[in-house]
Structures are given as structure tokens and as C-alpha cells.
Amino acid sequence: MYVRRSAAALAAAVVIGAAAPAIAADSSPSASPSPAGSPSPSAPAKPTYPAELYGTTDPTYDGVWRQSLAMLAQNTVGVKPAKGAVDWLVGQQCADGAFAPYRADAAADCDAKTLVDTNNTAAAVQALVALGGHDAATSKAVTWLKSVQNKDGGWGYMPGGASDTNSTSVVIGALAIAGEKPADVRKDGKTAYDALNELALPCKGDDGGAFAFQPDKKGKLLANADATAAGVLGSLGKGLVVSPGKDAPAADCTDGGYPSSQQAAVNGAAYLTDALAKDGHLTSTLPGAEDQPDYGNTADAVVALAALSGADAAEKPLRWLEQNSAKWAKQSGPAAYAQLILAAHATGADPRDFGGADLVKQLNATGPAPQAATKATNEEKTKDDSPFGVWWYVGIFLVVGIGIGFLLSGRKKGPQA
């Protein structure tokens with residue numbers, strides 16, 4: 001999911017004629033140190049970003065996305081994000097309701113040059129609805145999302161862009177969590193589910209049941225694991241945060257079947273199950289590079305399988321992530337930690353003991369201290385500063401209370417004859 005946003009951002013930059021920086025591991029390159037240990041006068045200054053933002057890498061194309069995922073993940077474990085972090089997210093919204101991935105000057109009005117997109121907007125909606133208290137912002141965002149729906153019922157990454165599985169699915173999640181019925185949101189009679197069904201590969205043939213991101217230049221659908229994980233959630237009408245599914249049919253690919261959107265989800269899950277069967281993880285295949293485990297998309301697959309069929313369906317890839325994802329998460333930052341927490345949440349696993357790692361603590365460390373953590377720290381400080389225990393104070397109050405009781409009793413009785 002996180003990797004896909006970067007690719008989409010790069011594609012968007014090509015469309016508008018801008019050069020986009022790669023969004024990779026969450027560790028900013030530092031300038032070569034001078035002999036005195038300070039930056040060299042000739043070295044470019046290292047950019048600084050708002051303290052309210054999660055992560056330290058360039059947020060130009062994914063700031064709102066990773067902020068939203070971080071807050072969604074925190075919300076699932078009862079951690080309340082810092083007020084400043086929430087305010088920063090709300091401040092990225094434009095007057096028309098759309099969210100820009102990153103606006104360095106949130107006080108300035110959005111204009112035609114402001115990059116806005118469906119993915120960051122839909123993620124922000126899901127986060128702000130989950131946190132509560134932001135009805136005006138989420139209502140405007142939903143209205144904007146509806147206004148840029150394509151004629152095939154789906155959504156592209158950029159307004160007016162061709163519909164793709166991932167964008168359509170994350171918008172479905174936003175509509176659903178905001179109280180809308182995605183099946184009732186139509187453009188020219190088409191719904192988002194119609195668009196997803198058109199992007200699903202038939203069961204007969206190679207990679208049956210998978211979703212394509214978009215048709216290729218020749219109109220052919222090519223299986224895409226990331227799109228398939230998103231497509232399963234979208235077809236189920238689910239958002240980024242899910243609970244384990246129950247009573248789902250077996251993940252067998254069947255063309256046709258009971259409501260087509262639900263069958264598409266079952267078919268997509270069947271494809272993911274087969275893809276994960278050998279190694280327990282999905283694989284990233286890039287031209288000119290060796291195949292590598294795809295940690296982020298494996299986490300997404302865990303969420304998708306659990307949403308449809310429950311925790312048992314995602315057991316193998318979940319265990320693989322527990323054993324192998326630590327280095328990737330540390331390099332990739334808040335969005336990666338959030339993905340793992342959401343995978344743990346979807347399967348009922350403990351994100352505070354995920355392969356021995358406390359994902360919640362690690363995520364919190366990438367941004368401003370959450371309100372829950374601040375409160376706990378203050379309570380611990382009060383406790384540590386006192387030379388006496390709580391029960392010592394309880395005893396004192398009891399003694400004082402008894403004394404007052406006797407005093408009052410004597411006053412009521414008055415002098416004895």
C-alpha cells in the first residue's frame with residue numbers, strides 16, 4: 001500500500017510535468033559532516049518539516065496518507081494522537097473539501113497548482129471519522145469525492161484520471177465509514193462496485209480472481225497483488241481498519257455467483273491465498289532488480305484475508321511478518337508501523353508484542369507524543385515523586401474521617417446530664 005502511493009505520486013508528477021522525489025525508506029539522507037561536526041557551508045541545508053508530522057522524509061506526496069494511517073493505527077489500540085498532529089491533518093484540507101498530500105503553508109488558499117488526490121483525501125476521511133469531532137471537514141471531503149467520481153463508477157488517483165482498483169477501494173472505505181452507502185453513490189448509473197468488477201480477472205485463465213490496478217495500454221488486465229488486496233476490501237465495502245470476518249465462504253474462485261461484488265472479494269482472496277502459499281509472503285518484482293519480499297503488500301493481504309474469512313485465513317503471512325518485518329518497518333517509518341498494527345488488529349494479534357516488538361511504541365516514536373502517552377508519563381512522575389504509596393494517603397483520610405465523625409457525633413448529642 002505504502003509503496004503503491006509512492007508510485008502513484010510519481011505518475012501524478014509526470015502528468016503535471018513535475019519531478020517527484022522518490023519516497024522510500026523513512027530515513028532522510030544527511031549532509032557530509034564538516035571536520036567540526038557541523039554541516040559543510042557548501043552542503044545543501046537539510047529540509048525540516050512540521051513537528052506535528054509523523055516521519056522525517058519528504059511529505060510532498062504522502063504526508064496526509066502516512067499521518068492518517070498512523071492515527072488510524074493508534075486509534076485501534078486506544079492511543080489518542082497529539083492535538084497538534086490532528087490539527088495539522090485538518091489543516092491540509094482545501095476549501096472545496098479535497099486534501100493535498102502536503103501543504104507547507106496551510107494558511108494559503110489552494111489553487112489550480114495545488115496537488116490534491118482521492119487517496120490522501122479518502123485516508124484523511126477515514127482517520128478523522130474514527131477520531132471523531134470533525135464532521136464538517138469529513139462532510140466536505142465526501143462531497144468532493146463524490147464530485148470527482150468517474151462515469152464507470154470508480155475513481156482514479158488524480159481527479160479525472162482513469163479509475164484504478166486501489167483508489168476506488170480506498171474511496172469506498174471512506175464513504176462507508178462516513179455513513180454513506182457506496183452502492184448508492186452513482187455516476188451515470190454506475191457504482192464503485194461496477195468499476196471494481198470490471199478490473200477483476202476472470203477465474204478461467206492465468207491469475208484467476210486477481211484484480212488489476214488498471215488495464216494496460218492494450219486494455220488487458222494484469223494481476224497485481226497490491227490491487228488485489230485493496231480490491232478485496234473495496235468489494236467487501238470495508239475501510240483500512242477491519243475486524244476478523246466470520247462465516248465467509250471458502251476462498252474458491254468462481255465466475256458469477258452471489259452478489260458479484262462479494263464474489264469478486266472471494267475470488268481475490270483465493271488469488272492471494274495461492275500467492276502466499278509457498279513462502280508466506282508476496283514478492284516484489286521490478287525490472288532489472290532481484291525479486292524481494294514485499295512486506296507492505298503482504299501486510300495488506302493479511303488485512304484482506306482476515307476481513308473476508310477471519311484470522312485463520314491470514315495465519316501464515318501474519319507469522320511471516322512477525323518474524324521478518326522489523327528491519328523493513330524501521331526503514332520505512334510510520335506508514336509501515338501502521339500497516340503492521342492494522343494487520344495485527346485485523347487478526348486479533350497483539351501489536352505490542354509483534355514478534356517481540358512493540359509496534360505501538362515504535363509508531364508513537366515517529367511523531368509527536370500522543371495524549372495518552374503524555375497522561376501516563378505525568379501519572380508516573382506523580383507516583384515517583386511521592387515518598388509514600390497510595391494506600392498511605394487512603395489510611396490518613398480514613399483516620400481523619402473517623403475523627404471528624406466522632407467530633408460531629410459529639411456535637412449532635414450535646415453535653416450529657
Next on the checklist: Within the 4.5 Å heavy-atom criterion, are Leu282 and Pro293 side-chain neighbours or not?
Outcome noted: no

Next on the checklist: Going by the rule side-chain hydrogen bond (donor to acceptor under 3.5 Å, both in side chains), which residues pair with Ser243 if we only count those two or more places apart in sequence or in a different chain?
Outcome noted: none

Next on the checklist: Give me the atom names and distance for the closest heavy-atom approach of Ala269 to Leu308.
Outcome noted: CB-CD2, 3.3 Å

Checklist entry - With a cut-off of 6.0 Å (strictly less than), are more than 12 heavy atoms of other residues, nucleotides or ligands near CG of Asp312? => result no

Item to check | From Thr347 atom OG1 to Glu322 atom CD, the distance as rounded to the nearest 0.5 Å | outcome: 7.5 Å

Checklist outcome for this item: Hits for side-chain hydrogen bond (donor to acceptor under 3.5 Å, both in side chains) against Glu180, two or more places apart or cross-chain, chain-then-number order -> Lys146

Checklist entry - Trp320 and Tyr295: ring-ring contact (aromatic ring centres under 6.0 Å, His included), yes or no, with the steps? => result CA-CA 9 Å; Trp320 183 88; Tyr295 301 91; 5.2 Å; yes

Checklist entry - Is the backbone N or O of Gly153 less than 3.5 Å from a side-chain atom of Asp194, with the two atoms forming a donor-acceptor pair by type? => result no

Checklist entry - Is the backbone N or O of Ala277 less than 3.5 Å from a side-chain atom of Asp274, with the two atoms forming a donor-acceptor pair by type? => result no

Checklist entry - How many angstroms lie between NE2 in His134 and CG in Leu128, if you round to the nearest 0.5 Å? => result 5.5 Å

Next on the checklist: Which heavy atom of Ile172 sits nearest to which heavy atom of Gly237, and what is that distance?
Outcome noted: CG2-CA, 3.8 Å

Checklist entry - Is any side-chain heavy atom of Val185 less than 4.5 Å from a side-chain heavy atom of Leu145? => result no

Checklist entry - Does Cys203 offer a backbone N or O that forms a donor-acceptor pair with the side chain of Asp255 under 3.5 Å? => result yes

Checklist entry - How long is the gap from CG on Leu272 to OG1 on Thr228, to the nearest 0.5 Å? => result 5.5 Å

Next on the checklist: The test is side-chain contact (heavy atoms from CB on, under 4.5 Å); show your working for Leu318 and Phe354 and say whether it passes.
Outcome noted: CA-CA 10 Å; Leu318 179 71; Phe354 194 81; 3.7 Å; yes

Next on the checklist: A side-chain contact here means heavy atoms from C-beta on lying under 4.5 Å apart; do Leu69 and Leu240 qualify?
Outcome noted: yes

Next on the checklist: Please evaluate residues Asn120 and Tyr157 with respect to the criterion side-chain contact (heavy atoms from CB on, under 4.5 Å), reporting the C-alpha separation (whole Å), side-chain torsions for both, the decisive distance (0.1 Å), and the verdict.
Outcome noted: CA-CA 9 Å; Asn120 282 282; Tyr157 185 84; 3.8 Å; yes

Item to check | Whether Thr76 side chain and Ala73 backbone form a donor-acceptor pair below 3.5 Å | outcome: yes

Next on the checklist: Could you report the tightest heavy-atom contact between Pro244 and Gly310, atom names first, then the distance?
Outcome noted: CB-CA, 4.2 Å

Next on the checklist: Please determine whether the number of non-hydrogen atoms from other residues, nucleotides or ligands lying under 6.0 Å from atom CG of Asp291 exceeds 12.
Outcome noted: yes

Item to check | Ala306 backbone acceptor or donor facing Ser309 side chain under 3.5 Å | outcome: no

Checklist outcome for this item: Between Ala329 and Ala336, the two heavy atoms sitting closest are CA-CB, 3.9 Å

Next on the checklist: Strictly distance-based, threshold 3.5 Å: is any side-chain N or O of Gln339 a donor or acceptor partner for the main-chain N or O of Gly296?
Outcome noted: yes

Checklist entry - To the nearest 0.5 Å, how far apart are NZ in Lys238 and CD1 in Ile177? => result 11.5 Å

Item to check | Donor-acceptor contact present, side-chain Asn224 to main-chain Ala227, <3.5 Å | outcome: yes

Next on the checklist: Determine whether Val241 and His345 satisfy the following criterion, side-chain contact (heavy atoms from CB on, under 4.5 Å), listing intermediate values before the conclusion.
Outcome noted: CA-CA 8 Å; Val241 179; His345 177 76; 3.7 Å; yes

Checklist entry - Can you find a heavy atom in the side chain of Phe99 that is under 4.5 Å from one in the side chain of Cys94? => result no

Item to check | Lys190 NZ: over 12 foreign heavy atoms closer than 6.0 Å | outcome: no

Checklist outcome for this item: Between the CD atom in Gln362 and the CG atom in Leu340, the distance rounded to the nearest 0.5 Å is 9.0 Å

Checklist entry - Taking only residues two or more places apart in sequence, or in another chain, which ones meet Leu199 in a side-chain contact (heavy atoms from CB on, under 4.5 Å)? => result Thr165, Pro215, Leu221

Item to check | For Ser163, all residues meeting side-chain hydrogen bond (donor to acceptor under 3.5 Å, both in side chains), sequence neighbours excluded | outcome: Asn150, Asp152

Checklist entry - If you draw a 6.0 Å radius around CG in Asp206, do more than 12 non-hydrogen atoms from other residues or ligands fall strictly inside? => result no

Next on the checklist: Checking side-chain contact (heavy atoms from CB on, under 4.5 Å) between Thr118 and each of Val171, Thr168, Asp164, which is the one that passes?
Outcome noted: Val171

Checklist entry - So do the side chains of Leu115 and Met158 get within less than 4.5 Å of each other, counting heavy atoms only? => result yes

Checklist outcome for this item: Tightest non-hydrogen contact, residues Ala122 and Val170, listed as CB-O, 3.5 Å

Checklist entry - Sequence neighbours excluded, which residues qualify as side-chain hydrogen bond (donor to acceptor under 3.5 Å, both in side chains) partners of Asn75? => result none

Checklist entry - Do the side-chain N and O atoms of Gln74 and Tyr54 include a donor-acceptor pair separated by under 3.5 angstrom? => result yes

Checklist entry - Taking side chain as C-beta onward, heavy atoms only, is Gln67 less than 4.5 Å from Leu53? => result yes

Item to check | Pairs where residues 260-273 contributes a residue and the test side chain to side chain donor-acceptor pair (under 3.5 Å) is met, not counting sequence neighbours | outcome: Asn197-Ser260, Gln263-Asn267

Item to check | Donor-acceptor contact present, side-chain Asp279 to main-chain His281, <3.5 Å | outcome: no

Next on the checklist: Within the 4.5 Å heavy-atom criterion, are Thr366 and Tyr337 side-chain neighbours or not?
Outcome noted: yes

Item to check | Any donor-acceptor N/O pair, Gln93 side chain to Lys140 backbone, under 3.5 Å | outcome: no

Item to check | Any Cys110 side-chain heavy atom under 4.5 Å of Arg103 side chain | outcome: yes

Next on the checklist: What's the separation between atom CG in Asp300 and atom CG in Leu342, rounded to the nearest 0.5 Å?
Outcome noted: 9.0 Å

Checklist outcome for this item: Closest non-hydrogen contact found for Leu276 with Ala301 is CD1-CB, 4.1 Å

Next on the checklist: Please confirm whether the ring centroid of Tyr49 lies under 6.0 Å from the ring centroid of Trp88.
Outcome noted: no

Item to check | NZ/NE/NH1/NH2 to OD/OE distance under 4.0 Å, Asp62 and Arg66 | outcome: yes

Item to check | Donor + acceptor pair across side chains of Ser169, Asn166 (<3.5 Å) | outcome: no

Next on the checklist: Run the side-chain contact (heavy atoms from CB on, under 4.5 Å) test on Leu201 and Phe211 for me, step by step, so that the C-alpha distance in whole Å, both residues' side-chain angles and the decisive distance to 0.1 Å come before the verdict.
Outcome noted: CA-CA 6 Å; Leu201 278 71; Phe211 283 85; 5.9 Å; no

